[in-house]
Amino acid sequence: MPQTDKAHNRDLKRTVKKVRKFLNDQQFYPRANVMLDRAVLALVSKSVNVAQGVVCLIDAGLPEEAFGLSRTLVEIALNLRFVTNRYSERRAKKFAHYSTKWKLELIRRAVKHFKAQDAKGQLQPKYTKAQLRKMMPDYKRMVRLARKYPKRFGAGWSGRNAREMALEADGHDKIDGKPVVWEFDYDWIYAWTSQYVHATAVSMDSHVTEPRDAFIVQIAPHRTQGVGTSAVVNTALYLWKILRMAFPALGESFPTKLSDPLEKLLVKIYETG
């Protein structure tokens, strides 16, 4: 792994540690009966853990896996942007209640896939839908909340795909008087990192064994040069974006103690290459 990747990762590790300590020291409490606060803080917490995961993967000599994981930060940022852009409390509830859709889907899949032999030796569902429902004391509530989502599972909590969420005009930021859209974030960063999230040929390129070489499990360093630094850039940039959106949503200003280290890290990377 290039030395620049390692150096940038050390800086990222220190920065993420500062972010985690600052957030934990503040002792934020979500407002009662305000789903927006709970959704925002959950997304922030997840983003810090993902950032730490990127650091660990680079430290372990797995820059491509770190790069793929950085897409999760882009996805968190897209979700947070969509929630806080407009109708925030309504969207926060829809984001949070999506878990009910998944829990009901688990019932359907459990009945389909988990089988046991009956007295005649025939395979039957191990559990009936009725039995599984009894295991969920809040089943009726989940059914009510899950009705707001598209019938086809996998359509996403918002009812829109990532591109549609990214291209929604920003209700807060403008450039030259025009609302900002995240077209670049989707077309370039999200699409590029997606190649390493999925098992595509692109993500296999550094693992190819030539006929003249004996196979070993490793990556070709010359084919991954700079990937670790790209993962660091994505992590720092989208952690900054997430925090920048989160604090105003919570009724707070974005603290310089968080913005400064992330911005300095980005500037340093761009200056040193």
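- Phe22 and Phe254 end up in the same hydrophobic cluster when Ile, Leu, Val, Met, Phe, Trp and Tyr side chains are linked at under 4.5 Å.
- Between Leu69 and Tyr196 there is no side-chain heavy-atom pair separated by less than 4.5 Å.
- Residues Asn79 and Met165 form a side-chain contact, since some pair of their non-hydrogen atoms from C-beta on lies under 4.5 Å apart.
- A 6.0 Å sphere centred on CG of Leu123 holds more than 12 heavy atoms belonging to other residues, nucleotides or ligands.
- Leu265 CG to Lys18 NZ: the interatomic distance, rounded to the nearest 0.5 Å, is 10.0 Å.
- Using bins of under 30°, 30° to 60° and over 60° for the plane-to-plane angle, the ring pair Trp192/Trp188 lands in the tilted bin.
- Remark: Trp102 CH2 to Glu105 CD distance equals 6.5 Å, nearest 0.5 Å.
- The hydrophobic cluster containing Phe82 does not contain Met35, counting ILVMFWY residues as joined when their side-chain heavy atoms lie under 4.5 angstrom apart, directly or transitively.
- Under a cut-off of 6.0 angstrom, the local environment of CZ in Arg86 is crowded, with over 12 non-hydrogen atoms contributed by other residues, nucleotides or ligands.
- Between the side chain of Ser88 and the main chain of Val83, a donor-acceptor pair closer than 3.5 Å is present.
- Ion pair Asp173/Arg244 flagged as a salt bridge, since at least one NZ, NE, NH1 or NH2 atom sits closer than 4.0 Å to an Asp/Glu carboxylate oxygen.
- Residues Arg81 and Glu168 have side chains in contact (heavy-atom distance under 4.5 Å, counting atoms from C-beta outward).
- Placement of Leu41 and Leu23 within a single hydrophobic cluster is found when ILVMFWY residues are connected by side-chain heavy-atom separations under 4.5 Å, directly or transitively.
- With rounding to the nearest 0.5 angstrom, the CZ atom of Arg133 is 8.5 Å from the OG1 atom of Thr128.
- Under the 4.5 Å side-chain heavy-atom criterion for Ile, Leu, Val, Met, Phe, Trp and Tyr, Ile76 and Val197 are members of distinct hydrophobic clusters.
- Using a cut-off of 4.0 Å between Lys/Arg side-chain N and Asp/Glu carboxylate O, Asp260 and Lys264 are scored as not salt-bridged.
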Inset, instruction - Kindly indicate, with the supporting measurements, whether the criterion side chain to side chain contact (heavy atoms under 4.5 Å, CB included) is fulfilled by Lys241 and Leu73. - result: CA-CA 10 Å; Lys241 287 191 174 191; Leu73 285 164; over 6 Å; no
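- In this structure, Phe28 has its ring center under 6.0 Å from that of Phe247.
- The distance from atom CG of Leu145 to atom OG1 of Thr100, rounded to the nearest 0.5 Å, is 5.0 Å.
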Inset, instruction - Mind running side chain to side chain contact (heavy atoms under 4.5 Å, CB included) on Arg38 and Val34 for me, showing each step along the way? - result: CA-CA 7 Å; Arg38 296 172 66 187; Val34 179; over 6 Å; no
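- Residue Asn33 places its CG atom among 12 or fewer non-hydrogen atoms of other residues, nucleotides or ligands, all under 6.0 Å distant.
- Atom NZ of Lys148 sits about 10.5 Å away from atom CH2 of Trp157, to the nearest 0.5 Å.
- Annotation: Lys17, atom NZ; neighbour count of heavy atoms from other residues, nucleotides and ligands within 6.0 Å does not exceed 12.
- Checking side-chain atoms of Lys178 against main-chain N and O of Ala169 turns up no donor-acceptor pair under 3.5 Å.
- Following chains of ILVMFWY side-chain contacts shorter than 4.5 Å, one can reach Tyr270 starting from Val232, so the two form part of one hydrophobic cluster.
- No side-chain heavy atom of Tyr87 sits under 4.5 Å from any side-chain heavy atom of Lys94.
- Between the NE2 atom in His113 and the CG atom in Leu106 there is a gap of 11.0 Å [rounded to 0.5 Å].
- In summary, the side chains of Ser194 and Arg71 do present a donor paired with an acceptor at a separation below 3.5 Å, with no hydrogens or angles considered.
- Remark: the backbone N or O of Ser203 is not paired with any side-chain donor or acceptor of Gln195 at under 3.5 angstrom.
- Checking side-chain atoms of Thr229 against main-chain N and O of Gly226 turns up no donor-acceptor pair under 3.5 Å.
- For Tyr149 and Tyr98, the ring centers are positioned less than 6.0 Å apart.
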Inset, instruction - Check step by step if side chain to side chain contact (heavy atoms under 4.5 Å, CB included) holds for Trp182 and Leu78. - result: CA-CA 9 Å; Trp182 281 25; Leu78 283 170; 3.7 Å; yes
